[in-house]
K.L.:
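One structure follows; several queries about it will come next.
Index from 1, following the sequence.
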Amino acid sequence: ATASGTVRRATRTPAPVLDGNILECLRRATRLLDADIPVLLHGETGTGKEVFARELHKLGSRRHAPFVAINCAALPESLIESELFGYLPGAFTGARREGSPGLLREADGGVLFLDEIGDMPLPLQSRLLRVLQEREVAALGGGRATPVDFALVAASHRDLRAAVESQTFRADLYYRIAQAGVHLPPLRAYADLRDVVAKLWDSLGADAAGLRLDARSLDVLATYSWPGNFRQLTGVLRTLIALADPGATIVPSMLPELPRAPAGHASDARTAPTEATLDALELQAMRDALAASKGNTSEAARRLGISRSTLYRRLRTDA
């Protein structure tokens with residue numbers, strides 16, 4: 001609490017902190033999304049996939065239409081179908097009397113962000129693929145399908161190609177959503193983490209509250225590996241802002257204890273963000289489909305929605 005007895009809020013939404021490589025990926029991804037090419041974001045948990053997706057929406061041609069974000073891992077499996085596709089009145093026990101349009105229809109005209117799409121149950125993957133192919137949504141309980149038009153951004157921290165090989169993710173859906181890929185690097189891979197911490201600190205309103213990070217505290221925060229990435233760093237900075245007295249300078253003794261990184265966490269990784277090319281993604285999707293079909297080219301072509309001759313020609317060209 002401040003001297004006036006009011007509580008200083010530390011809940012300002014932080015501005016995105018994007019370095020030059022990520023900004024270039026953002027520009028390219030915006031052009032692809034405006035061309036109705038789905039964008040797949042991948043990276044560790046907490047690396048800012050939803051922030052990146054919201055920036056895509058803000059910069060794109062659909063900026064004045066809705067942005068609908070759905071966390072596929074957060075919705076209970078028993079509810080995700082009705083939440084996504086909507087339902088008619090009386091479609092099932094407990095349904096609202098007036099029914100529900102569903103989140104896919106709410107995204108009509110705008111951008112649909114499917115976070116953690118790798119956690120979507122297989123039966124729903126089939127229904128989603130049908131929506132993406134036919135551009136219409138049929139609500140639970142019957143009735144006429146409704147046309148929809150949205151740009152798609154999907155995200156996952158899982159290796160979706162490995163999920164295709166293990167048959168926990170459909171190869172044809174992967175082929176549909178992975179036409180353009182953007183890798184968001186972990187915080188520990190940023191070249192200037194001090195600058196990232198300082199910018200995030202200011203964007204959370206610390207400077208406006210007269211709070212300062214001294215150089216030693218900034219060094220501590222900039223040398224930690226941040227296994228939880230931006231989500232973890234933002235939480236720590238919010239805590240410091242909430243607990244500090246007005247006008248305080250944050251010294252190392254005021255910092256919370258930072259937990260050790262989990263076993264196997266590559267704290268010294270220096271991987272740069274990369275953007276997969278369309279050709280490479282197409283080829284990988286074809287290989288994944290062929291593997292999932294146990295070498296049956298007819299089945300692989302059916303999964304991908306292409307002719308068997310096209311599949312043969314593309315794989316033979318790369319050989």
K.L.:
Does D119 form a salt bridge (Lys or Arg N to Asp or Glu O under 4.0 Å) with R158? I'd like the steps, not just the answer.
P.N.:
CA-CA 9 Å; D119 292 290; R158 300 183 184 278; 2.7 Å; yes
K.L.:
With a 4.5 Å heavy-atom cut-off, do P185 and I22 have their side chains touching?
P.N.:
yes
K.L.:
Passes salt bridge (Lys or Arg N to Asp or Glu O under 4.0 Å), E50 versus R54? Steps please.
P.N.:
CA-CA 6 Å; E50 183 169 345; R54 289 185 181 277; 2.8 Å; yes
K.L.:
Can you see which heavy atom on L240 is nearest to which on P256, and at what distance?
P.N.:
CD2-CD, 3.8 Å
K.L.:
Between the side chain of D108 and the main-chain N/O of V148, is any donor-acceptor distance below 3.5 Å?
P.N.:
no
K.L.:
To the nearest 0.5 Å, what is the distance between CG (L128) and CD1 (I117)?
P.N.:
5.5 Å
K.L.:
Taking G181's backbone N and O only, do any of them form a donor-acceptor pair with H42's side chain (distance below 3.5 Å, no angle check)?
P.N.:
no
K.L.:
With respect to L152, which candidate in I177, V39, L33 satisfies the side-chain contact (heavy atoms from CB on, under 4.5 Å) definition?
P.N.:
I177
K.L.:
Locate the shortest heavy-atom distance separating F113 from A154; write the atom from each residue and the value.
P.N.:
CE1-C, 4.5 Å
K.L.:
Are any of the side-chain nitrogens in R62 or D34 under 4.0 Å away from the carboxylate oxygens of its partner?
P.N.:
no
K.L.:
For L213, does its backbone N or O pair with a side-chain atom of S217 as donor and acceptor, under 3.5 Å?
P.N.:
no
K.L.:
On a heavy-atom basis, which atom in V182 and which in A29 lie closest, and how many Å separate them?
P.N.:
CG2-CB, 4.3 Å
K.L.:
For residues G110 and A65, report the shortest heavy-atom separation together with the two atoms involved.
P.N.:
CA-CB, 3.6 Å
K.L.:
Does R135 reach the side chain of P147, with side-chain heavy atoms less than 4.5 Å apart?
P.N.:
no
K.L.:
Taking atom CG of L104 and atom CG of L114, what is their separation to the nearest 0.5 Å?
P.N.:
7.0 Å
K.L.:
Roughly how far, to the nearest 0.5 Å, is NE2 of H157 from CG of D115?
P.N.:
10.0 Å
K.L.:
Would you indicate whether the side-chain heavy atoms of H183 and L40 approach each other to under 4.5 Å?
P.N.:
no
K.L.:
Are the side chains of L258 and V236 in touch, meaning some heavy atoms are under 4.5 Å apart?
P.N.:
yes
K.L.:
Given the rule in the salt bridge (Lys or Arg N to Asp or Glu O under 4.0 Å) test, do R194 and D192 qualify, once you have shown the distances and angles that lead to the verdict?
P.N.:
CA-CA 5 Å; R194 285 177 61 93; D192 189 353; 5.6 Å; no
K.L.:
Is there a donor-acceptor contact under 3.5 Å from the side chain of Q179 to the main chain of I37?
P.N.:
no
K.L.:
For residues A222 and L193, report the shortest heavy-atom separation together with the two atoms involved.
P.N.:
O-CD2, 3.2 Å
K.L.:
Spell out, as yes or no, whether a donor-acceptor pair under 3.5 Å connects the side chain of T223 to the backbone of V220.
P.N.:
yes
K.L.:
Assess R127 against F85: is NZ or CZ under 6.0 Å from the centre of the six-membered ring, and within 45 degrees of the ring's axis?
P.N.:
yes
K.L.:
Going through the distances and angles, do I241 and W201 end up as a side-chain contact (heavy atoms from CB on, under 4.5 Å)?
P.N.:
CA-CA 9 Å; I241 294 170; W201 174 257; 3.8 Å; yes
K.L.:
Under 3.5 Å, is there a donor-acceptor pair between the T47 and N229 side chains?
P.N.:
no
K.L.:
Roughly how far, to the nearest 0.5 Å, is the CG atom of L129 from the CG atom of L173?
P.N.:
5.5 Å
K.L.:
Indicate yes or no: does E44 engage R188 in a salt bridge with an N to O separation below 4.0 Å.
P.N.:
yes
K.L.:
For salt bridge (Lys or Arg N to Asp or Glu O under 4.0 Å), just list the numbers for E55 and R27, CA-CA rounded to whole Å, side-chain angles, deciding distance to a tenth of an Å, and then say yes or no.
P.N.:
CA-CA 10 Å; E55 287 298 298; R27 284 190 287 267; over 6 Å; no
K.L.:
Quick one: does any side-chain atom of Q125 pair with a main-chain N or O of M120 as donor and acceptor, under 3.5 Å?
P.N.:
yes
K.L.:
Within the distance-only criterion (no hydrogens, no angle test), does the side chain of K58 pair as donor or acceptor with the backbone N or O of A53 below 3.5 angstrom?
P.N.:
no
K.L.:
Okay, side chain of R176, backbone of D172: is any donor-acceptor separation there less than 3.5 Å?
P.N.:
no
K.L.:
Passes side-chain contact (heavy atoms from CB on, under 4.5 Å), I250 versus R212? Steps please.
P.N.:
CA-CA 6 Å; I250 308 300; R212 298 287 185 271; over 6 Å; no
K.L.:
Drop me the distance from L233's CG to F230's CZ, to the nearest 0.5 angstrom.
P.N.:
7.5 Å
K.L.:
Would a distance-only check, ignoring hydrogens and angles, find a side-chain to backbone donor-acceptor pair under 3.5 Å from D36 to A151?
P.N.:
no
K.L.:
For a side-chain contact (heavy atoms from CB on, under 4.5 Å) check, start with the C-alpha distance between F150 and V131, then their side-chain angles and the critical distance, and finish with the verdict.
P.N.:
CA-CA 11 Å; F150 52 74; V131 171; 4.2 Å; yes
K.L.:
Just wondering, do L84 and I70 contact through their side chains at under 4.5 Å, heavy atoms?
P.N.:
yes
K.L.:
With a 4.5 Å heavy-atom cut-off, do R105 and T146 have their side chains touching?
P.N.:
yes
K.L.:
Just by modelled atom types, is the A163 backbone N or O under 3.5 Å from a matching donor or acceptor in the T168 side chain?
P.N.:
yes
K.L.:
Mind checking whether L122 and Y174 sit in one hydrophobic cluster, side chains of I, L, V, M, F, W, Y counted as touching below 4.5 Å?
P.N.:
no
K.L.:
Over all heavy atoms of both residues, which pair between A244 and L211 is shortest? Give the atoms and the distance, please.
P.N.:
CB-CD2, 3.9 Å
K.L.:
Apply the test side-chain contact (heavy atoms from CB on, under 4.5 Å) to residues V68 and V111: give CA-CA distance (whole Å), side-chain angles for both, the deciding distance (0.1 Å), then the verdict.
P.N.:
CA-CA 6 Å; V68 176; V111 173; over 6 Å; no
K.L.:
Out of curiosity, L221 CG to W226 CH2, how far, rounded to the nearest 0.5 Å?
P.N.:
5.0 Å
K.L.:
Taking the side chain as every heavy atom from C-beta outward, state whether P66 and E106 have any atom pair closer than 4.5 Å.
P.N.:
no
